[in-house]
Q: 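The structure follows.
Order of the sequence lines fixes the chain letters, A, B, ..., with proteins taken first and strands second; residue numbering starts at 1 for each chain.
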Amino acid sequence: MDAGLDMRTTGTKSDDSILSILRLIVQGIVSIAKSHWVTLVNFWRPTVCERYPHKDKSLDYKPGPGYKGDFALITDKEKGRLRCIACQSCERACPNHCIRVVPAGKGKDRYPAEFYIDVGLCMNCEICVEVCPVDALTMTPDYECSVHDPRDLIRNIKQLTERGMEFDEVSRVR
Amino acid sequence: METRSDLRTEELLINMGPQHPSTHGVLRLVLTIDGERVVQAVPHIGYLHSSMEKIAEAKTYRQYMPFADRYDYLNAMGNELAYVRAVEKLCGIEVTPRCEYIRVIMAEMNRIASHLVYFGTLGLDTGSWSPFLYCFREREAIIQLFEDTSGQRLLYHYFRIGGLRNDLPSHFCDKLAEFLDYFPARINEYNDLLTNNIIFQRRMQGIGYLSPELCRRYSVTGPNIRGAGIPYDIRRVVGYSVYPELEFDIPTRPEGDAYARHLVRVEEMRQSVRILKQCLEKLPEGEINVKVPRRLKPVVGEVYERVESPRGELACYLISDGSEKPWRLHWRAPSFYNLQVLPELLKGAYVADTVAILGSIDIVLPDVDR
Amino acid sequence: MDSSLIFTIGNALRTWLEGLCRAHGVPTLVVDILAWGTGAVLVVVLGLLVALFVIWLERKVAGYIQTRLGPTRVGPVGIFQTAMDALKILQKEDIIPRGADYWLHLAGPVLYFTALVLGFAVIPWDVKATLAATVDLNVGLIYVIGVTSVGVLGVVMSGWGSNNKWSLLGAMRAAAQIISYDVPLLLALICVVMVAGTLSLTRIVELQGSAGILGWYVFKPYLWLPFIIFVICGTAEVNRTPFDIPEAESELVAGFHTEYSGMKFALFFLTEFDHMWFVGLLGATLFLGGWYSPLGAADPIPGFVWLMIKSFIFVLVLQWFRWTLPRLRVDQLMGLAWKFLIPAGFVALAIVCVAVLFI
Amino acid sequence: MQDQHTSDEESKQGGSGGEPLPAAIAAALGSRITEGAVVDGVVHITVPATEVIEALRILAFEMDEPYSHLSDLCGVDRPDCIEVVYHLFRPLSNDACVVRVKLPRTNPHVPTATVLWETANWAEREAAEMYGITFEGHPDPRRLLLPDDISGYPLRKDWEYPQDHPYLRREPLHEEFPEIVGRVRAEAAPAEDERDGNSK
């Protein structure tokens, strides 16, 4: 092991000879001086903190693609409608039962009349995104989703569609 | 002399926790103290009981995956590893070599992150504030890599049965290599700050003595047993995943006191760096996922899969009845068993040592209560 | 000799008032009382303001040592943060735990604060500090030690009166600690007294400063050991890391002030930081030449400024200690005092004896 | 892999699940073993409740290569019985021995293993409150994790979730959520039928 680990000369048993006491004092002073050197060095190192809502250090931090942030429903721009076919796979797959889909229409025209996600209950596991057969649901790098009333954490189809307008495909790690 | 024995001073019964700054969560210790000495310590747990084992009975094997992260939040990747290995063993799934390597990379990174938290909080327990912030600064680099990879900072849900959520992001290897380059120097720095500091040494040496016999009686595992001189490490003993292909030492210390456990953990961080460097070198190309049926129905049977978590022997005991949901899932949580030995370690210690000893056995309360 | 403007004005004011009294046949005692009163209020206000500044400084220093930012929001670089905190804390509800001894609980912080403020009375702020804030006591040093040691009674009272076991433990620790560390501190101070040959703080400063920087006691090799002992014991007297075992937040939650809130807590808090500054002032007075500039007498900067600079060097060093070192354990703390510092104090005393005799 | 269901047991015992027991264990425990097999290199044995401490003692201390590391102790609710499972390992090796005790569902009793390992203390307390197993001679038979006023044994399959327990009540918001959804769903009733048809 390294030298640092072997610096165990100051045993727990008390050794009362003058020499050992002097050695202990010297060792103590050296080790304490070293500690102070470390804090002094770090005093001059750049700070890691950011004044978060003030974006003065890193402007508009966005997590990388594939971040499990707030949800969005992707709109198929060619057809001009949501990709979601209201098959309710996500509802069944969700471990916390925080998704409720209300389907409407029949056969090929099935679409979600309502799509609720209780983000407060969600644990961001992304299983719903994975089970989606048509890649209609995605998690976005949106992380600033705090609200004042916990009821507002229940996302409805309007919010989800709106956020999904920025996305053409499911957000994945690159 | 007789009068001395007639003099009876009263012992003080004192409640440490569940709201106390340094019980690492919501542990409650009922201490009987005589002056500053602890006569008896009785831990009370259960404040964070989250019925992880009951939840498993109502979820499918895939749905339970994110819960595996959640009880030992400092070692989420390691927990996922234990669970995913148990399920794959039960289903007879072999994963690709690249996947195995990435899993080991994640587990080892998480080990470093966990030990950094340990290092920092032990500093807090002994009254030194700065190491905590420094350790979190270093941990941030790891957490950032996790975030880029799995999309989350603490509870990743990155492993999947039969593979992983996604491949590593393109910048991952470079960033990790960069971190591995500067990190060992930082460990030395923090050793200068805390480990080698004479006040810290004198406080940690000779307290919380854990003998090999005590370890056997209490099934203490992880860095705690290695601090007592026994090279018991599941990575070596079982040799799961790709660990047999990697070179690393099992650091042990013969003293068995709190300081020895501390040194073992510091050295383990270095060994993890070593493992990570080898993994980056050997990381094979290729697929990360194998084909797994959509409806996962393992055969009837049971597995007891052990992995080495930063806190010790973590095991997932999984019994399948052939349906989509586990019949019984039991976590052998290392903190649960490591915490049990605490009353033995506290006998005769000072009140100040209580927090230092508690810090040195490195428990995570959700891991204790599950 | 430079004398700052304030003191000149003060003196002029006083002369004018005395003249006024004589003219109207009022006893000059009224002027004295007025002057003392003004001075006392000034010192307390100054102490509180400096305490707020020291708290801000502490948070800033801690922030930068820990690669954080510290307070940034209120005012430029967060300078008014602690003032706002003080305002906030004054609005807080004053909680007295059930079963607490009301009067002890109340008297604890008051005594703690008063004991410290009394200590400021003898600090020589500047040459000819004839505003009666500074009393040139001929037993100044004894007075300082005697008065500030009473503060521990406040700690014990609040610990006992809180009806909380953690507080009680903290109070017992504080009592043991302060009594132990008073002994080596006294030994270190006796060394200074022997060299100076006087107990008056003003006189001690005058003896040091007249010869410029080299006359300061900290530059006399035979006073190095007492200086080190003074710094260590001073840290212990103000209950700061590594000697903060009476409050030891990771062990005793908050020690003797666990059960305090609102104004009373603010008193504890301010006193603690004021105490730190007080140790700085005492150290500057005894070892760093007090109000004297390093250049000697011929320096236009007021002595008061120099005293502040010197005392804040001490404060910064104490803060550096705090954010670097882990806390000692109770037995180690006692061991350090009785096994190392007191013998070291006697050795220092012997060295100084020899030095005084032969140099 | 044995004793999953009563019906499976006889077929499993015949050896479809694994190889016969190693001679050392068979010799040491003798007639104490009621069932035993080796599956994937793991020794599985079942012993009666009265013999379990003696069997564990022999396994842990009296064999040439003892299984002295009690890795885990937990309860399992089988369809026909309550089981206590002891996971033993040889120190510094991966040789495992799984010891089981089968207990009746009503009033299960088993002697405590704390005489051999203090490890068993908390593990048995947990198993006791989760499965209602009485560990005879346990030094500290209090509840460990659960609140004192909870009824029943939560990890038994027939346990019912106590909706009215103050700790276990669902948060109001989460009660509200299905309500909102239910209202919207009622408005779109035709689609509801459609979905039911699809899922079947």
Q: Angle between ring planes, C:Phe314 versus C:Phe227, binned at 30° and 60°: parallel, tilted or perpendicular?
A: perpendicular
Q: When heavy-atom pairs shorter than 4.5 Å are enumerated against chain C, which of B:Asp125, B:Val351, B:Leu193 gives the highest number?
A: B:Asp125
Q: Any salt bridge linking B:Arg270 with B:Glu267? Criterion: basic side-chain nitrogen under 4.0 Å from a carboxylate oxygen.
A: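 A salt bridge is present here (some side-chain N lies under 4.0 Å from a carboxylate O).
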Q: Check each atom of B:Tyr350 against the heavy atoms of chain C and say whether the ones under 4.5 Å are side chain, backbone, both or neither.
A: side chain
Q: Can you tell which part of C:Gln332 gets under 4.5 Å to a heavy atom of chain B, answering side chain, backbone, both or neither?
A: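 For C:Gln332, side-chain heavy atoms alone lie under 4.5 Å from chain B.
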Q: Exactly one of B:Arg253, B:Gln201, B:Gln205 should register a side-chain hydrogen bond (donor to acceptor under 3.5 Å, both in side chains) with B:Tyr259. Which one does?
A: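 So, applying the side-chain hydrogen bond (donor to acceptor under 3.5 Å, both in side chains) to B:Tyr259 and each of B:Arg253, B:Gln201, B:Gln205, only B:Gln201 qualifies.
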Q: For chain B, which of C:Leu169, C:Asp244, C:Asp331 has the most heavy-atom pairs under 4.5 Å?
A: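 The answer is C:Asp331.
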Q: Please identify, among B:Gly123, B:Ser128, B:Gly359, the residue contributing the most non-hydrogen atom pairs under 4.5 Å to chain C.
A: B:Ser128
Q: Is B:Arg203 in contact with chain C via its backbone, its side chain, both, or neither, using a 4.5 Å heavy-atom distance?
A: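 Contact with chain C involves both backbone and side-chain atoms of B:Arg203.
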Q: For residues C:Thr258 and C:Lys165, determine if any side-chain heavy atom of one lies less than 4.5 Å from a side-chain heavy atom of the other.
A: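 No, too far: nothing below the 4.5 Å cut-off.
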Q: So which of B:Thr126, B:Asn197, B:Val355, B:Leu124 has the biggest tally of heavy-atom pairs under 4.5 Å with chain C?
A: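 That would be B:Thr126.
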Q: Go through the steps for C:Phe53 and C:Trp56 under the test ring pair (Phe, Tyr, Trp, His ring centres under 6.0 Å), then give the verdict.
A: CA-CA 5 Å; C:Phe53 178 71; C:Trp56 171 82; 5.5 Å; yes
Q: If we check ring-ring contact (aromatic ring centres under 6.0 Å, His included) with C:Tyr260, which of these qualifies: C:Phe265, C:Phe269, C:Phe268?
A: C:Phe268
